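These figures come from a predicted structure and were not determined experimentally. Quick note: numbers below take in every heavy atom, side chains included, and nothing from hydrogens, waters or symmetry partners. The chains referred to below are lettered A, B, ... by the order of the sequence lines, with proteins before strands, and numbering in each begins at 1.
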Amino acid sequence: MTKLLKISLPDGSVREVPQGSTPADIAAAIGPGLAKAALAARVNGELRDLGRPFEGDAELALVTSRDEADALELARHDYAHVLAEAVQALWPGTQITFGPATDDGFYYDVKAPESREPFGMDDLPAIEEKMREIIRADKPLRREVWSREDLIAKWEAEGEVFKAEWAKELPGTEELTVYWSGNDWLDMCRGPHLPSTGKLDPDAFKLMRTAGAYWRGDQNNAQLTRIYGTGWLNKKQLQAHLTRFEEAAKRDHRKLGREMDLFHLQEEAHGSVFWHPKGYRIWRELEAYMRRKMDGAGYREIKTPQLMDVRQWTQSGHWGKYAQNMFAVPDIVPDVDEESGVASPKVADDAAWMAIKPMNCPAHVMVFKQGITSYRDLPIRLGEMGCCHRNEPHGALHGLMRVRQFTQDDAHIFCTEGQVVSEVQAFIALADSVYRDFGFTYDIKLALRPEKRFGSDADWDKAEQELRDALTANGLEWEELPGEGAFYAPKLEWHLTDAIGRTWQVGTIQSDRVLPERLDAHYIGEDGEKHRPVMLHRAIFGSYERFIGILIEHFAGKLPAWLAPVQAVVATIVSDADPYAEDVAAQLRAVGIRVETDTRNEKINYKVREHSLAKVPHLLVVGKREAEEGTVAVRTLGAEHQKVMPLAEAIAMLRSEGTPPDLA
RNA sequence: GCCGGCUUAGCUCAGAUGGUAGAGCACCUGAUUUGUAAUCAGGGGGCCACGGGUUCGAAUCCUGUAGCCGGCACCA
């Protein structure tokens, strides 16, 4: 007699079913509605196909579209498969590789057949149409276990060199599976999948773009075409996503930077920013804010050279590791032809080379090393608004977010072994207070030792544990990222979440025992002997350029009043009010409010529109009435109506709103 | 750096099939003195990214370079 399997359901009930039963059978037994709605199953917590038989007694939870995270993951994975099937149906000879789900959809990396060019945007509509066909055909997705040899043979027979390569490396110990789409197409895949392509909504996905991607993420390998799509459970979700996508485009800092006249970039200095008066005003406010924060936290600000002899960078290890990303400058005087004024620099073979600093650390160690430091002086916290240059790969440059010249809110804390945890704790608190002031929430990640690194394992163990201890002491949770640390130190990273849910890595603290060693920094301990200090590298904004870019996108250009380049505009309705407008502006200026007047001969509608688009927080409209009564009509950005108030009240309001959060 | 795309006035963009450029906004001038998101009229403005080639003739075709855009790789 065959033994019945006991399947327990989330409601606590237990069903007994014969061997070979599947979650789909249970769903059908419960009711036809559930049978139709079921997309997959969680069997003992593991997400599985509906049609995959139980292997023993189990806890079962059926997954429907109400289990959104699971349902989306399944749908996106299936969209990816359908995408690959569609591309191969349209262009036989296309090689397929991988196609995972992403945060908002899916992609598949493919290689176009030799007979045609790589796929491009123009191909997307045809592929989408073919995908819809496959979805409407409601092809069953069937799991099958294959031997490794059969898989390799299949891929080799079909000229799928990437798939064959991968199959050869799959561990022999694991059960290898394929999924059929109907009876005519299959892909090697761990699964799980929906029961059939018809469970996908043909109107809930959209192919977004194509891009190059390397096979297995290695730039020495073949370049494939990655086809990106966004995929959802229904059309409404897709629409909502596309709207969000447009929203993100509207707040693009490159676009707003031009519209708001904050900065520009140009070919002659690509990757370096030309800050305009309004953009630099934001910078100055941020810098003043950060100085107050750092002064208050016991940092002392220094300024160190832009150019240092390459010897210094060799000693620190940066020249060896990053020379290709550094700007090197020969220490020479170019010949100048007196007549023509033409300079012709020649670099002698024995010329001394200098390099523009790509970071501030070695220079800070040099400052630390001046004189003799006692343990009584520690910790020493040296801060610098350090302007650095890195010759980034050209394809990496992106507006303010990735530049070749940037200024960090940098600092290095030199401390004893025993002070590390409390210094990290203090920094965690400082960073928190800053991010709160800007209205960001964040997640903290701990990046652990990379494969290529300096320093002993014992030191790495200690350094990583100190960071964990500091987080624990501050009652915080974190995620660990193996292999992501810097070559000299593990790091904590602050990942901010902005107003539309995107994340940005900004702040960091790294506990470094390598650089003090390499540059021979020491202090005199209680015992009168020389000791190595630990060096904590840390930044909160990261770089001013990038942080301003993030702020622009976070606030969609509508910066809080304390950061707004122009905090108020006094606009006149009739020219009779001009003298009063100037008087109002003068009074505002006298209390430190950044104000402009607009007395142009234009309609008030025109002025309101223009200053609203310029994202000026407050518009003070004055006409005959206000001039006579000593009032202003205040129109706040985003509001549909205005409020008439006595000038004194308006000044008080603007002063309070324009006060930086740390001074409020 | 790699793959694909793009580059026309300050900005956003039109300019099949080759015949040396156009709109809106912005700017300037004039009129208008206006009550909360575009007043009207006139005017000026372009080495069509840059270099080479094909052609009687190139913004249009070919080619090289640069920058930008979307990714990839990189990110001390």
Side-chain angles (χ1 to χ4, degrees), chain A residues 107 109 111-112 117-123 208-228 252 254-255 258-259 261 264-271 313 316-322 324-326 357-362 388 390-399 401-403 406 408 450 454 484-489 491 505 508 510 512 514-515 537 542-543 546 571-578 599-614 619-626 633-635 637 639-644:
Chain A
Y107 67 79
D109 287 349
K111 182 151 175 57
E117 318 232 291
F119 301 108
M121 288 294 282
D122 299 342
D123 298 310
M208 302 296 279
R209 56 183 169 265
T210 60
Y214 299 106
W215 167 236
R216 305 179 82 165
D218 185 333
Q219 62 175 326
N220 298 312
N221 289 341
Q223 182 110 33
L224 309 168
T225 305
R226 179 166 297 178
I227 302 175
Y228 279 94
D252 189 312
R254 294 165 298 188
K255 178 172 172 284
R258 189 171 48 239
E259 288 174 2
D261 192 18
H264 86 269
L265 295 158
Q266 70 183 51
E267 226 176 291
E268 288 74 8
H270 70 273
W313 299 109
S316 67
H318 293 96
W319 188 248
K321 196 161 164 57
Y322 294 109
Q324 286 173 322
N325 294 314
M326 288 169 67
K357 68 175 172 185
M359 33 128 61
N360 309 299
C361 334
C388 298
R390 295 181 187 172
N391 198 351
E392 302 284 7
H394 289 196
L397 300 177
H398 179 96
M401 301 303 188
R402 190 83 181 267
V403 287
F406 54 93
Q408 299 175 313
F454 290 166
E484 301 276 313
F487 72 89
Y488 52 79
K491 52 182 175 180
Q505 197 224 304
T508 184
Q510 308 161 6
D512 176 11
V514 172
L515 210 54
H537 307 245
S543 88
R546 184 171 144 88
T572 51
I573 295 171
V574 291
S575 47
D576 287 348
D578 288 1
T599 55
R600 291 175 301 172
N601 179 7
E602 293 289 352
K603 289 192 168 182
I604 193 61
N605 284 323
Y606 179 89
K607 296 183 182 181
V608 167
R609 177 181 155 81
E610 190 161 281
H611 301 300
S612 299
L613 289 174
L619 190 54
L620 311 188
V621 177
V622 294
K624 249 185 193 148
R625 211 151 58 219
E626 286 77 11
V634 180
R635 186 182 168 116
L637 185 59
E640 286 184 13
H641 298 289
Q642 56 281 354
K643 196 177 163 206
V644 180

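The distance from the CD atom of E610(A) to the CZ atom of R600(A) is 4.5 Å, given to the nearest 0.5 Å.
For the pair K255(A) NZ and C68(B) P, the computed distance is 20 Å after rounding to whole Å. In this entry the distance linking CD of E484(A) with C1' of C74(B) reads 12 Å, nearest Å. At whole-Å resolution of the value, NE2 in H611(A) and C1' in A26(B) are 15 Å apart. Atom CZ of R209(A) and atom C1' of C72(B) are 12 Å apart (whole Å). One atom, CH2 of W215(A), and another, C1' of G71(B), lie 18 Å apart when rounded to the nearest Å. A straight line from CD1 of I227(A) to P of G5(B) spans 14 Å, rounded to a whole angstrom. Separating the CE atom of M208(A) from the P atom of C69(B) is a distance of 18 Å, rounded to the nearest angstrom. For the pair M401(A) CE and G70(B) P, the interatomic distance rounds to 11 Å; values are reported in whole Å.
Within the 4.0 Å cut-off from OP1 or OP2 of G10(B), not a single side-chain nitrogen or oxygen of R258(A) is found. Side-chain N/O atoms of H394(A) include one lying less than 4.0 angstrom from OP1 or OP2 on G1(B). Applying the 4.0 Å criterion to OP1 and OP2 of A26(B), one finds that Y606(A) has a side-chain N or O inside that range. In this structure, R600(A) does not reach the A38(B) phosphate: none of its side-chain N or O atoms is under 4.0 Å from OP1 or OP2. K607(A) has no side-chain polar atom (N or O) that falls below the 4.0 Å cut-off from OP1 or OP2 of A38(B). For the pair N605(A) and A37(B), the criterion of a side-chain N or O lying under 4.0 Å from OP1 or OP2 is met. Not one side-chain nitrogen or oxygen of R546(A) sits closer than 4.0 Å to the OP1 or OP2 atom of C75(B). Between H398(A) and G70(B), a side-chain N or O to OP1/OP2 separation shorter than 4.0 Å is present. Distances shorter than 4.0 Å separate none of the side-chain N or O atoms of R226(A) from OP1 or OP2 on G4(B).
For R216(A) and D218(A), the salt-bridge test fails: no basic side-chain N is under 4.0 Å from an acidic carboxylate O.
Within 3.5 Å, a donor on the side chain of E626(A) pairs with an acceptor on the base of G35(B), or the reverse. One can find a donor-acceptor pair under 3.5 Å joining the base of G1(B) and the side-chain atoms of Y214(A). For C75(B), its base sits under 3.5 Å from the side chain of R402(A) at one donor and acceptor pair at least. For a distance-only test at 3.5 Å, the side chain of R216(A) fails to qualify as a donor-acceptor partner of the base of C72(B).
The gap from the P atom of C40(B) to that of G1(B) amounts to 49 Å, rounded to the nearest Å. Distance noted for atom P between C28(B) and G22(B): 24 Å (whole Å). For the C1' atoms, the distance from A49(B) to A41(B) is 36 Å, rounded to whole Å. For the P atoms, the distance linking C48(B) with A58(B) amounts to 12 Å, nearest Å. Annotation: A14(B) and C25(B) have their C1' atoms spaced 15 Å apart (nearest Å). Comparing G10(B) with A26(B), their C1' atoms sit 7 Å apart, to the nearest whole Å. Rounded to whole Å, the separation between the P atoms of C62(B) and G24(B) comes to 32 Å. Comparing C11(B) with G5(B), their P atoms are spaced 25 Å from each other, to the whole Å.
N325(A) comes within 4.0 angstrom of a nucleotide base, judged by non-hydrogen atoms across all strands. Contact annotation for A396(A): base contact, defined as any heavy-atom pair under 4.0 Å involving a base atom. No engagement by G120(A) is indicated, since no non-hydrogen atom pair under 4.0 Å with the nucleic acid exists. Residue-level contact check: F119(A) touches neither bases nor backbone, having no heavy atom under 4.0 Å from any strand. H270(A) comes within contact range of the sugar-phosphate backbone alone, with a heavy-atom separation under 4.0 Å but no base atom that close. When heavy atoms are screened at a 4.0 angstrom cut-off, K491(A) is found touching the sugar-phosphate backbone but no base atom. Among the atoms of the strands shown, base atoms are found under 4.0 Å from some heavy atom of L613(A). Residue contacts shown for E602(A) include a base, since a base heavy atom lies under 4.0 Å away.
A16(B) has its base syn relative to the sugar, with a glycosidic angle deviating from 0 by at most 90°.
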* To do: Dot-bracket for RNA chain B, please, read 5' to 3', with Watson-Crick or G-U wobble pairs under 3.5 Å on both distances, ( ) within the strand, [ ] crossing, | other strand, . unpaired.
  => (((((((..((((.....[..)))).(((((.......))))).....(((((..]....))))))))))))....
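With G1(B), A38(B), C69(B) as the candidates, the nucleotide lying closest to the side chain of P393(A) is G1(B). Of the candidates G67(B), G71(B), U36(B), the closest approach to any side-chain atom of Q223(A) belongs to G71(B). Side-chain proximity of V608(A) to U36(B), G70(B), U33(B): nearest is U36(B). Among the nucleotides G35(B), A76(B), A37(B), the one closest to the side chain of R609(A) is A37(B). For K603(A), the listed nucleotide lying nearest its side chain is U39(B); candidates were U33(B), U39(B), G35(B). Comparing G35(B), C72(B), C68(B) by their closest approach to the side chain of I573(A) singles out G35(B). For E267(A), whose side chain is taken as the heavy atoms from C-beta onward, the closest listed nucleotide among G67(B), A76(B), C72(B) is G67(B).
Under the ring-ring contact (aromatic ring centres under 6.0 Å, His included) criterion, F454(A) pairs with F487(A), not counting sequence neighbours.
Q223(A) approaches A213(A) most closely through the heavy-atom pair NE2-N, 3.2 Å. Nearest heavy atoms, T572(A) versus T599(A): OG1-CA, 3.3 Å.
Relative ring orientation between Y107(A) and Y228(A) is described as tilted, the plane-to-plane angle lying within the 30° to 60° band.
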